[in-house]
Amino acid sequence: MSQRQLFGTDGIRGQANLYPITVEVMLALGRALAHSVHKPGHRGTIVIGKDTRLSGYALEQALAAGVCSMGADVRLLGPLPTPGVAYITRAIKADAGVMISASHNAYHDNGIKIFGGDGFKLADAQELALEKLILEPHFESPLYDQIGKAKRINDATGRYGTHLHEILPLDFDLKGKKIVLDCANGAAYKVAPQVLTELGAEVIILGDRPNGININHQVGSLHPQAAQAMVRQTGASLGIVLDGDADRLVLIDEKGEIVLGDALLALLAVHLKVPTLVCTDMSNLALEKCLAEHGIKVERTNVGDRYVLERLRAGGHTFGGEESGHLIFTNHGTTGDGLAGALMVLSLLQKAQKPLSELKNIFKPMPRAIQNRPVPEKIPFEDLPNSTALMQKIKADLSRNGRLFVRYSGTEKKLRILIEGPEQSEINSMAGQLADTIIGEIQTSLFRHSL
């Protein structure tokens, strides 16, 4: 596969107003996307949604201008969760959809996720073809009378909310339930409270006052502490924590404890009675053992919800996700959906008539050690001989009683190390030593090349 210059593991991402997250690139992207969907006699329609970041305004307008300049039309959704953008793209039979968001990152970052007309994220080959059109445009603009139009869909929140209701049994309601909801000051700040309130819940809301710079700030999936405290303080039966674009879910039980993402995967797989669960290499090694007891197979993919979705579609499977909280229900949607996942769990709780703190015990994780460290450059591991040798030693020491998983982040300059094994103190030591070795060898390599 050709080397990517713009697209990473989840679209294009970076710091706002710095390449590639600039209005110039967005203008070129809009033009390239419109050109890619053009057909004789067909103007083309592209949906654009966003989260609540300050930079979203400029990027949205630049994208829309690029699309219109190539003769296609734009439908602006405003702030809406990523799964909502994917849903409306498909529902109105648009040719493509774009979500402007950097997910769980702080406000100074932003990014672009692109969906085809079917609501699914573009495949790698499609992204590479689009990237070439952005970097090497070979097309001309249409004449003045063929320029596209931009219109706003004012009821986008309502449409997506109605879609969420459709996954629930007709007799389902949340009357008498007290729920803490953390919207991360992000894309779900309108629709999430609306959906839960319509179902009859008493909703205690956090993170629903976005101001352009407070998205994910001390709230959201990476900062669930405020929601945990609120669950304990109010005696709520559940805490729902979303990230900036609401495609990720963290759940808090009635005791104020976080439910592991792998426990959610296990619970839902059993509840939905799926024959196969698709997850990533980041899921705990104990997940296979847990689900085998229920006759459920586990298939693993590379990290990234797009790869989970590709495996789901290829195998005809209906449920999968990531331990980070991306949950994908192919019978309902085309991408990770935090709100849909929360509603599925609430339906499960109603059926089981048991608290979440009890149900989550279905899954017992193997001890794991994680290191997430910033790196100056992402040098391939095969070019780091000392680090590679240490990785081989760790794998040999773990043998069949654990595993080592090492990668660089697809969206940030970070090293990610995961080790699972029987003894916590031992794997903690292994992970720390390996992280120090890799970073030290990267620094040494960069120093030598600078001489």
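Residue indices begin at 1 and follow the sequence shown.
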Requested in this report: Give a yes or no on whether a salt bridge exists between K190 and D208, defined as a side-chain N under 4.0 angstrom from a carboxylate O.
Outcome: no
Query raised in the report: E131 side chain to L6 main-chain N or O, any donor-acceptor pair under 3.5 Å?
Result: yes
Query raised in the report: Between K121 and E310, is the closest basic N to carboxylate O distance under 4.0 Å?
Result: no
Query - S103 to D243 - nearest heavy-atom pair and separation - result: OG-OD2, 3.0 Å
Query raised in the report: Could you give the distance from CZ (R75) to NZ (K151), rounded to the nearest 0.5 Å?
Result: 5.5 Å
Query - Side-chain (Q126) to main-chain (A123) donor-acceptor, under 3.5 angstrom - result: yes
Query raised in the report: Side chains of E358 and E254: does their closest heavy-atom pair fall under 4.5 Å?
Result: no
Query raised in the report: What distance separates I240 CD1 from L196 CG, expressed to the nearest 0.5 Å?
Result: 5.0 Å
Query - K289 to F363, cation-pi by 6.0 Å centre distance and 45° axis angle - result: no
Query raised in the report: Between D10 and K113, is there a salt bridge with N-O shorter than 4.0 Å?
Result: yes
Query raised in the report: Any ion pair linking R4 and D124 (charged N to carboxylate O, less than 4.0 Å)?
Result: yes
Query raised in the report: Got a donor-acceptor contact below 3.5 angstrom from the N216 side chain to the N105 backbone?
Result: yes
Query raised in the report: Would you say T280 and N302 make side-chain contact, with heavy atoms under 4.5 Å?
Result: no
Query raised in the report: More than 12 foreign heavy atoms under 6.0 Å from CD of E423: is that the case here?
Result: no
Report task. Indicate yes or no: does K39 engage D95 in a salt bridge with an N to O separation below 4.0 Å. Result -> no
Query raised in the report: Going from CD1 on I438 to CD on Q433, what distance comes out if it is rounded to the nearest 0.5 angstrom?
Result: 11.0 Å
**Report entry** Minimum heavy-atom distance I258-P224, with the two atoms named
**Finding:** CD1-CG, 3.4 Å
**Report entry** Worked check of side chain to side chain donor-acceptor pair (under 3.5 Å) between S69 and R31
**Finding:** CA-CA 7 Å; S69 75; R31 289 173 57 81; 3.1 Å; yes
Query - Sidechain-backbone polar pair: D182 side chain, G220 backbone, donor-acceptor under 3.5 Å - result: yes
Query raised in the report: For V274, which of T318, L291, L268 qualifies under side chain to side chain contact (heavy atoms under 4.5 Å, CB included)?
Result: T318
Query raised in the report: Can we say R53 and E60 salt-bridge, meaning some charged N sits less than 4.0 Å from an Asp/Glu carboxylate O?
Result: no
**Report entry** Inter-residue atom distance K50.NZ - S55.OG, 0.5 Å rounding
**Finding:** 9.5 Å
Requested in this report: Look only at the side chain of D173 and the backbone of G200, and say whether a donor-acceptor pair between them is shorter than 3.5 Å.
Outcome: no
Query - Test item: H294 and K273 side chains (from C-beta on) under 4.5 Å apart, heavy atoms - result: no
Query raised in the report: Is it true that E127 and R306 make a salt bridge, defined as a side-chain N closer than 4.0 Å to a carboxylate O?
Result: yes
Query raised in the report: Is there a side-chain contact between R373 and K414, using heavy atoms and a 4.5 Å cut-off?
Result: no
Query raised in the report: Backbone N or O of S101 within a donor-acceptor pair of the N110 side chain at under 3.5 Å?
Result: yes
Query raised in the report: So does D73 pair up with R43, basic N to acidic O under 4.0 Å?
Result: yes
Requested in this report: Decide whether S283 and R300 meet the rule of one side-chain donor and one side-chain acceptor closer than 3.5 Å.
Outcome: no
Query raised in the report: Quick one: CG on D262 to CD on E323, what's the gap to the nearest 0.5 Å?
Result: 5.5 Å
Query raised in the report: More than 12 heavy atoms of other residues, nucleotides or ligands under 6.0 Å from CZ of R209: is that the case?
Result: no
Query raised in the report: Which is it for N284 and E420 under the side chain to side chain donor-acceptor pair (under 3.5 Å) test, yes or no, and what are the steps along the way?
Result: CA-CA 8 Å; N284 197 278; E420 292 173 347; 3.3 Å; yes
Report task. Would you confirm whether N214, through its side chain, and N211, through its main-chain N or O, come within 3.5 Å as a donor-acceptor pair? Result -> yes
Report summary line: Taking every heavy atom of S357 against every heavy atom of K255, the minimum-distance pair comes out as OG-CE, 3.8 Å
Query raised in the report: Which pair of heavy atoms, one from S237 and one from K177, lies closest together, and at what distance?
Result: OG-CD, 3.8 Å
Query raised in the report: Hey, does the Lys NZ or Arg CZ of R313 hover above the aromatic six-ring of F120, less than 6.0 Å from the centre and inside 45° of the axis?
Result: yes
Query - Backbone N/O of G119 and side chain of T334: donor-acceptor pair under 3.5 Å - result: yes
Query raised in the report: Which atom names give the shortest non-hydrogen contact between V74 and C68, and what distance separates them?
Result: CG2-SG, 4.0 Å
Report task. Going by the side chain to side chain contact (heavy atoms under 4.5 Å, CB included) test, name the single residue among L63, D51, I21 that passes it with I100. Result -> L63
Query raised in the report: Between R311 and E299, is there a salt bridge with N-O shorter than 4.0 Å?
Result: yes
Report task. Verify the distance criterion only: is there a donor paired with an acceptor across the side chains of D245 and T82 at less than 3.5 Å? Result -> yes
Query raised in the report: Salt bridge between D253 and K360, side-chain N to carboxylate O under 4.0 Å?
Result: yes
Query raised in the report: Using the benzene-type ring in the case of Trp, are the ring centres of H163 and H332 under 6.0 Å apart?
Result: yes
Query raised in the report: Measuring from R13:CZ to I112:CD1, what's the distance to the nearest 0.5 Å?
Result: 10.5 Å
Query raised in the report: Does the side chain of I417 come within less than 4.5 Å of I370's, by heavy atoms?
Result: no
Query raised in the report: Does one side chain, of D337 or Y160, offer a donor that lies under 3.5 Å from an acceptor on the other?
Result: yes
Requested in this report: Taking N428 for its side chain and A369 for its backbone only, find out whether a donor-acceptor pair lies under 3.5 Å.
Outcome: no
Report task. Kindly indicate whether the side chain of M282, heavy atoms from C-beta on, has any atom under 4.5 Å from the side chain of L418. Result -> yes
Query raised in the report: Below 4.5 Å, heavy atoms only, C-beta onward: do L265 and L277 meet side chain to side chain?
Result: yes
**Report entry** Ring geometry between F319 and F329 (parallel below 30°, tilted from 30 to 60°, perpendicular above 60°)
**Finding:** parallel
Query raised in the report: Ignoring hydrogens and geometry, is there a side-chain-to-backbone donor-acceptor pair from T22 to L18 under 3.5 Å?
Result: no
Query raised in the report: Do I46 and T89 touch side chain to side chain, with heavy atoms closer than 4.5 Å?
Result: no
